[in-house]
Amino acid sequence: MQPILKTVFNFIRGTSGGDREAPDQFLRKSENFRLLLAANSRALEVMAEMTEAARSDRPFGMSHVRAQCLTVASGVRQMIERLCLMRPGRYEELKTVFNRILQEMERELASGAERGVGPLIMPMEAIRAGDVPLVGAKMAHLGEVAALLGLEVPAGFSITAHAYRLFMESTGLEDEINRLIQIGGNGGLRELHRLEAEIRHAIDMTALPLELAQAMRSACEFLDERDGGPRLAVRSSALGEDSDENSFAGQFLSLLGVRPEEIEDAFRSVVASLFSATAMTYRLNRGLREDAMVMCVGCMEMVDASAGGVIYTRPPLGEDDGSLVISAVQGLPCGIVDGSSRSDSWKLRRDDLHILEAEIVSKQCRYVAAQDGRIVREGLKPGCESEPSIPEEVVHELGRIARRIEAHFNTPQDIEWARDPDGRLLILQCRPLSVCAQAHSGRDPDSPVKTSATPLLSGCMSASPGATAGQVVRVETAEDMLCFPEGAVLLARNARPQLSALLPKAAALVAEFGSTVGHLANVAREYGIPALIGAPGAVETLSGVGVVTVNAGTGGVYLGRHQDQIDDADERRDTPRVSDVQRALRRVLPKIIPLSLTDPEAPEFRPGGCASLHDITRYCHEMAVNEMFLQDARPTSRAKRLHGDLPLQYWLVDIGGGTAESCDEGRVGVDEIRSNAMLALWTGMTAVPWEGPPPVDAGGFMSVVFQATQNPALAPGAANSMGERNYFMVGGNYCNLQSRFGFHFCTVEGFAGDDPTENHALFQFKGGGADQGRRAARSRLIADLLEQYGFLVETRGDALFARIEGIGAEAVEQALAVAGHLVVHTRQIDMVMADAQALARYRESLGKGIRTALKRLEETSPQWRNRT
């Protein structure tokens with residue numbers, strides 16, 4: 001923008017003496033006007049981004065929403081301040097209106113999370129299902145099944161939501177973590193790992209509040225006295241975890257074998273896992289609010305398990321066939337959920353618990369708690385490898401327990417259990433089961449999927465339905481994870497929960513070891529990623545083979561892309577969901593986006609009539625134009641009307657060197673223009689006469705009528721001074737056009753001087769009378785044409801932002817001519833944008849018109865370059 005200032009200063013220096021005050025005031029007003037326009041442009045750009053985000057399924061977090069709100073509010077505040085400087089004392093009421101809207105926005109963005117007071121610790125025997133807001137669903141459900149169903153659960157206690165908030169707020173951690181997240185980069189996996197490390201360090205370095213530390217020690221001492229020095233399992237029980245829609249399976253930390261004296265560090269570690277890269281990725285892609293996450297922590301006595309496992313009270317894939325599935329391993333059940341162990345499984349009929357299928361796999365080792373509390377892996381005794389992990393009577397007992405839990409919560413359940421050396425069965429966890437229903441793709445659901453391709457792998461367990469193709473990429477190390485490309489098939493030895501961070505950009509998952517009831521399988525179903533788990537030899541077979549088709553329907557992997565299999569695969573039948581972040585964005589948008597102030601002559605066109613930030617930008621823009629060009633409906637002393645055979649009124653303010661010195665005080669002809677930028681723009685606007693509005697298209701006309709019923713100011717024929725006023729601000733090499741043609745607003749700006757580094761052309765466009773779809777189609781048409789002439793273009797809905805810079809003066813003049821032609825000749829064609837033939841016809845016509853305009857520019861520019 002330095003060229004503009006330079007032009008203005010040249011103008012001041014060129015002014016004859018004796019009237020210094022007026023030029024100084026004009027200089028300040030021009031500069032405030034320029035800054036107001038810049039702020040307006042940025043605010044509208046961000047509004048367009050927010051509108052598009054609300055319509056898209058692109059993942060983003062609350063920090064992004066808040067940053068966008070802050071950016072657009074900052075732009076609007078700048079507009080108000082500049083307008084107030086242009087005319088001190090006249091527009092102060094806008095500040096009150098602006099602050100009111102900001103307060104309304106803040107209320108809409110509030111998470112709504114309860115922040116009352118409560119206990120820091122709750123013993124297990126006091127916890128019920130209604131305590132979810134205090135202790136999280138995981139601990140609340142355990143307390144419920146123990147108290148109301150009489151099932152055994154480990155002794156223990158919960159460190160509550162109030163304890164978490166005390167830790168975060170009283171120590172300043174919350175502010176520090178928010179600061180780190182705000183500056184945490186663009187969300188790539190490498191940046192997320194760095195952010196995770198920084199947050200973990202901040203949490204590790206923060207001492208617990210004394211009252212919290214004392215409460216935790218007292219709770220441990222109570223267990224000590226009762227049980228003689230327990231080892232603890234310290235597990236996450238975050239608010240929102242284990243809900244119907246979001247399991248967070250394997251996203252947070254569980255620590256086993258924790259000594260009471262280690263409880264404070266264990267608490268910090270579990271809290272820090274709230275900000276792990278995998279958890280942040282999960283939140284982002286599930287659209288969950290990071291500012292609503294609260295980590296409650298469950299502390300339970302470790303069970304010296306002889307066996308353990310998982311129960312699904314119905315199949316997680318496809319239709320309910322009336323069965324439940326029990327998986328079991330010897331020792332601690334952690335090997336099942338982390339995907340490192342093969343497990344025995346039994347499929348039971350739910351009604352009478354008759355065993356329909358049993359699979360006893362060969363097992364090599366088990367996990368046990370060592371004397372020092374560490375969890376170690378040990379080999380099984382010779383001869384025990386093929387023995388069932390539990391006898392059949394225990395299978396039936398687990399089935400009975402599962403049916404009771406499901407009936408109590410009235411929803412399918414995912415239950416983790418353990419059996420101690422005395423034969424007691426303890427429930428370690430129960431949560432709603434994530435069920436993935438399928439819609440069959442027209443084929444007989446009872447018939448196998450037909451394919452002539454020979455599989456590289458077959459007989460794999462389907463953990464998540466669907467079929468897709470992609471390049472196989474093996475992931476074993478952290479560096480492999482950082483390099484994983486978009487759209488590849490993720491191949492891994494073990495189905496580790498840490499791999500869930502890659503699932504949002506993976507086409508499919510194939511893991512050699514693991515279980516369909518493990519955490520990674522659960523997350524794959526939530527993301528809708530086709531997954532095969534339990535595929536012996538997968539790593540050696542698939543490494544380096546290139547593109548494969550993964551078909552969860554056949555349980556096979558095929559070399560190359562097989563579109564017939566992909567098309568024939570069963571589809572997921574998920575109910576579309578609106579994420580928490582999208583919900584928050586949609587609540588705040590009505591305070592930002594709607595534009596109700598369109599008619600400057602209407603009585604509500606005043607500060608008190610502004611109901612949104614967009615209304616304020618509209619009001620500021622209109623008033624700033626008036627202050628710059630008109631005062632009290634009369635042109636300012638420096639505004640001149642462009643005269644000639646013109647269909648619309650054009651007003652012009654020369655900020656220095658834009659017109660001939662000899663021109664009339666109140667009028668100026670085109671032959672008196674000296675601004676090469678304006679002459680180029682004007683050439684583009686007038687080289688081809690406008691043929692008038694397009695022929696009425698029934699759908700387009702009805703669309704306009706509908707839009708007009710929503711906004712009477714847009715009705716055809718409605719009084720609107722903006723339809724009559726178009727304003728140029730010009731300098732020697734500079735031009736800025738503020739205009740409204742028909743129902744669309746546009747800004748064109750250009751500087752075409754000797755220094756290419758200062759040269760630029762900008763084109764901003766938004767609006768129309770037709771519906772959003774037609775307006776967006778018109779923006780895309782204009783974008784295509786601008787890009788052919790070197791503009792960098794972004795479209796967001798019906799908004800278009802284009803720029804070209806760093807080029808020679810003649811190139812800028814050509815760009816302005818192109819923009820000028822499009823400004824005039826695309827008005828009102830949004831009404832016919834639903835007609836493909838009309839779209840093609842206008843594309844050809846506009847292209848031809850641009851070529852004519854450029855030819856006219858080539859013919860006329862030598863003439864106006866020689867003017868003095």
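These numbers come from the heavy atoms of this one structure, side chains and all, not from hydrogens, waters or symmetry mates.
- Screening Arg259, Glu262, Glu301 for a side-chain contact (heavy atoms from CB on, under 4.5 Å) involving Arg231 leaves a single residue, Arg259.
- A distance-only check finds a donor-acceptor pair linking the side chain of Ser579 to the backbone of Gln582 [under 3.5 Å].
- Residues Leu255 and Ser269 have side chains in contact (heavy-atom distance under 4.5 Å, counting atoms from C-beta outward).
- For the atom pair CE (Met481) and CG (Leu490), the distance works out to 8.5 Å, reported to the nearest 0.5 Å.
- With no hydrogens or angles considered, no side-chain donor-acceptor pair links Gln251 and Ser276 at under 3.5 Å.
- Taking 4.5 Å as the limit, every side-chain heavy atom of Leu425 sits out of range of all side-chain heavy atoms of Glu152.
- In this structure, the side chain of Arg235 does not engage the main chain of Leu256 through any donor-acceptor pair within 3.5 Å.
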### Step-by-step side chain to side chain contact (heavy atoms under 4.5 Å, CB included) determination, Trp417 to Leu398
CA-CA 9 Å; Trp417 57 274; Leu398 286 169; 3.5 Å; yes
### Task
Take Leu502 and Leu189 through the test side chain to side chain contact (heavy atoms under 4.5 Å, CB included) and record every step on the way to the result.
CA-CA 9 Å; Leu502 299 181; Leu189 195 54; 3.7 Å; yes
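- Taking CG of Leu491 as the reference point, atom CG of Leu499 lies at 10.5 Å (rounded to 0.5 Å).
- In this structure, CG in Leu585 is found 7.0 Å from SG in Cys69, a value given to the nearest 0.5 Å.
- Counting heavy atoms from C-beta outward, Leu239 and Tyr164 have side chains that stay 4.5 Å or more apart.
- Checked by atom type and distance alone, the side chain of Arg289 never pairs as donor or acceptor with a backbone atom of Gly61 at under 3.5 Å.
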### Task
Please lay out, stage by stage, how Phe267 and Val234 fare under the test side chain to side chain contact (heavy atoms under 4.5 Å, CB included).
CA-CA 8 Å; Phe267 172 74; Val234 180; 5.8 Å; no
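- Checking side-chain atoms of Asp131 against main-chain N and O of Val135 turns up no donor-acceptor pair under 3.5 Å.
- Heavy atoms only, all atoms of each residue included: Val475 and Arg496 are closest at O-NH2, 4.3 Å.
- To the nearest 0.5 Å, the span separating CZ on Arg283 from OG1 on Thr278 amounts to 9.5 Å.
- Using a 3.5 Å distance cut-off with no hydrogens or angles, the side chains of Glu406 and Thr411 do not pair a donor with an acceptor.
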### Query
Run the salt bridge (Lys or Arg N to Asp or Glu O under 4.0 Å) check on Arg400 and Glu397 step by step: do they pass?
CA-CA 5 Å; Arg400 285 189 285 274; Glu397 178 60 20; 3.0 Å; yes
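- Under the 4.5 Å side-chain criterion, counting only non-hydrogen atoms from C-beta, Leu166 is in contact with Glu211.
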### Task
Show your working on side chain to side chain contact (heavy atoms under 4.5 Å, CB included) between Ile203 and Ile177 and close with a plain yes or no.
CA-CA 9 Å; Ile203 292 174; Ile177 290 172; 4.3 Å; yes
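- Sorted by first and then second residue, the ring pair (Phe, Tyr, Trp, His ring centres under 6.0 Å) pairs involving residues 287-316 (not counting sequence neighbours) form an empty list.
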### Task
Please test Arg419 against Ser389 for side chain to side chain donor-acceptor pair (under 3.5 Å), starting from the C-alpha separation and ending with a verdict.
CA-CA 10 Å; Arg419 184 172 186 243; Ser389 301; over 6 Å; no
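- Between the side chains of Glu241 and Ser237, no donor N or O sits under 3.5 Å from an acceptor N or O.
- A pairwise comparison of heavy atoms in His408 and Leu148 identifies CE1-CD1, 4.0 Å as the closest pair.
- A donor-acceptor pair is defined here as one N or O able to donate and one able to accept, closer than 3.5 Å; no such pair exists between the side chain of Glu176 and the backbone of Ala202.
- By the 4.0 Å N-to-carboxylate-O rule, Glu264 lies close enough to Arg217 to be salt-bridged with it.
- Within the structure, every pair that satisfies the salt bridge (Lys or Arg N to Asp or Glu O under 4.0 Å) test and touches residues 501-520, not counting sequence neighbours, is listed here: Arg493-Glu512.
- In this structure, Arg366 and Val329 have side chains that are not in contact, with every pair of non-hydrogen atoms separated by 4.5 Å or more.
- Of the charged side-chain nitrogens involved, none lies within less than 4.0 Å of a carboxylate oxygen, so that Arg179 and Asp175 do not count as a salt-bridged pair.
- Side-chain N or O atoms of His141 include one that pairs as donor or acceptor with a backbone N or O of Cys430 at under 3.5 Å.
- Inspection of the Gln330 and Tyr367 side chains reveals no N or O donor paired with an N or O acceptor under 3.5 Å.
- With rounding to the nearest 0.5 angstrom, the CE atom of Met300 is 5.5 Å from the CG atom of Leu142.
- Residues Ala207 and Thr171 share a closest heavy-atom pair of O-CG2, 3.7 Å.
- In terms of modelled atom types and a separation under 3.5 Å, the side chain of Thr313 and the main chain of Gln413 share a donor-acceptor contact.
- Side chain of Ser464 to main chain of Ile529: a donor-acceptor pair is present (N/O by atom type, distance under 3.5 Å, no hydrogens or angles).
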### Message
Quick one, Lys591 with Glu104, criterion salt bridge (Lys or Arg N to Asp or Glu O under 4.0 Å). Give me CA distance, side-chain angles, the key distance, then yes/no.
### Response
CA-CA 7 Å; Lys591 308 299 177 187; Glu104 292 171 355; 3.6 Å; yes
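- Residues Phe275 and Met295 form no side-chain contact, since every pair of their non-hydrogen atoms from C-beta on lies 4.5 Å or further apart.
- Without hydrogens or angle criteria, Asn285 side chain to Thr281 main chain gives a donor-acceptor distance under 3.5 Å.
- Classification of Arg286 and Asp580 as a salt-bridged pair fails, no side-chain N sitting under 4.0 Å from a carboxylate O.
- The closest side-chain heavy-atom distance from Tyr527 to Pro504 is below 4.5 Å.
- Note that CD of Glu191 and CE of Met280 are 11.0 Å apart. Values are rounded to the nearest 0.5 Å.
- Counting all heavy atoms, side chain and backbone alike, Glu476 lies closest to Asp480 at N-OD2, 2.8 Å.
- Contact detail for Ser273 and Leu253: the closest heavy-atom pair is OG-N, 3.1 Å.
- Using a 4.5 Å cut-off on side-chain heavy atoms (C-beta onward), Ile159 and Met216 make contact.
- Counting all heavy atoms, side chain and backbone alike, Cys220 lies closest to Phe157 at SG-CZ, 3.9 Å.
- Between the side chain of Arg200 and the backbone N or O of Ala272 there is no donor-acceptor pair closer than 3.5 Å.
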